[in-house]
Amino acid sequence: MAIRTKIALAMAVLLPVAVAVIGFVTVQVVSDKLTGQVEDELVQVTNADNLQRWLTEVQVGELGGRPLPPGPSSEYAFMLYDDGGELQLYQQSGTVADYDPLPSIEAAPASGEFQNVQSTDDSMTYRVYAADFRHRDTGDTYTFAVAAPLTEVEEATGTLTRTALVTGLAVSVIGIAAAWIIARRGLRSVDRMVADAETVAAGDLAHRITPAEERTEMGRLSLALNRMVARLTAAIAERDRQHRRLRQFVADAGHELRTPLTAIGGYVQLYQSGAAAQGEKLDRAMERIGAENARLAGLVDDLSTLSRLDQEVGGDRELVDLSRLARDAVDDAEVADPSHPVELHADGEVAAVANEGQLRQVLVNLLSNARVHTPAGTRIDVTVAADGPWAVLRVADHGPGIPDDHRRKVFDRFYRADPSRSRATGGSGLGLSIVASIVAGHGGEVDLSSKEGEGTAFEVRIPKAEFES
């Protein structure tokens with residue numbers, strides 16, 4: 001059932017009930033109030049002072065021929081009962097004589113209490129109050145009762161009841177109609193959100209839900225749905241990027257693996273065809289097969305390293321002195337390629353809790369990248385420093401630098417600035433990807449700064465080890 005229908009049905013039930021309760025209470029209160037006014041007048045007529053005056057000025061035997069002393073109102077019926085409860089005198093006062101029939105009271109009513117008494121033909125209701133008194137001369141006890149008709153009270157309450165019924169019906173109809181209209185207008189934003197959500201579900205991820213007033217529940221819901229759609233869109237976009245990267249990775253890996261495998265296969269076919277006889281040609285073929293096999297093994301090792309880093313980055317951790325680690329890497333680099341002088345700048349001991357083997361690979365890859373992409377004789381500077389909570393490793397060269405359009409991609413897997421993929425311009429294109437993965441696994445970051453003609457610098461930041469003083 002639709003919400004607007006539920007609201008209308010709820011109003012159709014609650015409004016009549018509420019109006020009925022309010023009407024009943026109102027009629028009852030008004031009836032009690034008017035009846036109370038009648039009772040006050042009855043008490044005034046039958047109070048002790050009046051009874052004493054009647055007792056003094058009027059002989060009981062003469063009551064039938066003389067009117068009783070008037071009270072505050074002239075519309076009463078007066079009844080006198082002896083101590084046995086027998087009616088002795090019945091007298092009308094003022095316009096009460098116009099009321100017909102008269103109250104039917106055969107026995108004396110209880111003294112000091114109010115009661116309703118029907119007329120002789122049950123067409124009218126009287127309110128009766130009685131009081132006992134003793135005759136001063138005879139000492140006899142009498143009950144004096146006064147009755148007032150409730151016709152005006154009944155007419156007033158009847159009119160009020162009919163008014164309440166008509167008003168309640170009108171209020172119920174108007175309330176139900178208003179509830180339906182308000183619910184329909186209030187839920188119009190929900191209808192718009194449903195339409196917008198269906199548009200998004202149909203594939204239009206750029207579409208957004210029309211926001212309602214932010215202070216309302218619908219407004220907050222629309223904003224929350226928009227945030228959800230934005231996050232889903234970002235997640236889908238990221239998934240697509242990952243799929244593209246995976247496809248590119250597979251294609252690049254296939255290309256990289258195909259090159260040494262093709263070379264090895266070619267030399268094998270050359271040997272099998274007899275073109276590489278014993279001697280210098282065969283030795284050259286075996287040498288090239290060995291070189292391509294080494295390249296293939298290195299590529300497989302890099303792929304294995306990346307896969308392992310993706311699954312469990314960081315490995316075992318220990319306290320590592322980065323200055324010592326950098327010094328070892330610099331010594332190894334100078335031995336591997338004396339044509340590139342390497343200088344170390346270290347600010348004393350800088351320690352970090354890290355995987356020593358992985359950090360050593362970071363330095364080896366950065367130094368190898370600097371040697372490969374700079375001409376012989378280019379100086380390379382390695383710096384170890386502490387910067388607040390960070391331990392900093394910086395490898396900078398003074399080579400030709402990296403063009404602007406390549407800087408954002410150097411950390412992508414298998415990416416090389418040279419599209420020809422010549423072996424002379426680098427390895428498999430996985431070195432910097434491995435660096436980025438290792439640094440990220442240690443909770444750090446790696447930054448690249450480069451200017452064409454001025455050189456390139458890679459700066460690695462990882463959390464520094466803190467020692468308690």
Side-chain angles (χ1 to χ4, degrees), residues 1-43 73 75 99 101 103-105 109-110 112-129 147-198 209-225 228:
M1 187 182 296
I3 295 179
R4 60 175 62 92
T5 304
K6 290 182 179 180
I7 294 175
L9 289 178
M11 295 298 291
V13 173
L14 294 178
L15 267 181
V17 172
V19 170
V21 171
I22 294 173
F24 174 79
V25 173
T26 302
V27 171
Q28 192 65 39
V29 169
V30 171
S31 177
D32 292 343
K33 181 66 175 178
L34 295 177
T35 303
Q37 293 176 355
V38 174
E39 291 175 350
D40 291 341
E41 293 185 0
L42 293 176
V43 172
S73 174
E75 298 182 356
Y99 293 108
S104 176
I105 307 178
E113 296 182 2
F114 295 97
Q115 59 179 314
N116 287 346
V117 178
Q118 295 297 115
S119 63
T120 55
D121 62 354
D122 292 334
S123 63
M124 293 175 56
T125 302
Y126 286 86
R127 190 69 168 167
V128 178
Y129 179 73
L150 296 178
T151 304
E152 293 182 359
V153 176
E154 292 175 343
E155 289 177 353
T157 54
T159 301
L160 184 59
T161 301
R162 290 189 295 272
T163 303
L165 288 175
V166 174
T167 304
L169 180 61
V171 169
S172 299
V173 172
I174 294 173
I176 295 170
W180 175 268
I181 295 173
I182 293 173
R184 185 175 182 181
R185 289 174 61 88
L187 295 175
R188 192 173 298 168
S189 57
V190 177
D191 295 333
R192 289 197 299 266
M193 283 191 284
V194 171
D196 292 334
E198 290 176 348
I209 295 172
T210 304
E213 177 61 39
E214 187 175 353
R215 295 175 297 177
T216 65
E217 292 81 358
M218 293 299 105
R220 295 196 294 271
L221 176 60
S222 62
L223 294 176
L225 289 176
M228 180 186 69

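If you're wondering where the values come from, they're calculated on a predicted model, not measured in any experiment. Numbering of residues begins at 1 and proceeds along the displayed sequence.
- Scored by the side-chain hydrogen bond (donor to acceptor under 3.5 Å, both in side chains) test, Asn116 finds Arg127 as partners (sequence neighbours excluded).
- Scored by the side chain to side chain contact (heavy atoms under 4.5 Å, CB included) test, Gln115 finds Pro109, Val117, Val128 as partners (sequence neighbours excluded).
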Pairs of donor and acceptor atoms involving the side chains of residues 167-181, under 3.5 Å and at least two apart or interchain, shall be tabulated with distances.
from: Thr167; atom 1: OG1; to: Thr163; atom 2: O; distance (Å): 2.7
from: Ser172; atom 1: OG; to: Gly168; atom 2: O; distance (Å): 2.7

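- Taking CD of Glu152 as the start and CD of Glu154 as the end, the distance is 11.0 Å to the nearest 0.5 Å.
- Every residue was checked against the salt bridge (Lys or Arg N to Asp or Glu O under 4.0 Å) condition with Glu155, not counting sequence neighbours, and none meets it.
- When all heavy atoms are compared, the tightest approach of Tyr129 to Gly112 is CE1-C, 3.6 Å.
- Taking CZ of Arg162 as the reference point, atom OG1 of Thr157 lies at 9.0 Å (rounded to 0.5 Å).
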For a quick test of your reading: what N or O donor-acceptor pairs under 3.5 Å do the side chains of residues 12-24 make, sequence neighbours left out?
none

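- Here the straight-line distance linking atom CD of Gln37 with atom CG of Asp40 works out to 7.5 Å at 0.5 Å rounding.
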For residues 27-36, run the donor-acceptor check on the side chains, cut-off 3.5 Å, and write out each pair with its distance to 0.1 Å, sequence neighbours left out.
from: Gln28; atom 1: NE2; to: Asp32; atom 2: OD1; distance (Å): 3.3
from: Thr35; atom 1: OG1; to: Ser31; atom 2: O; distance (Å): 2.7

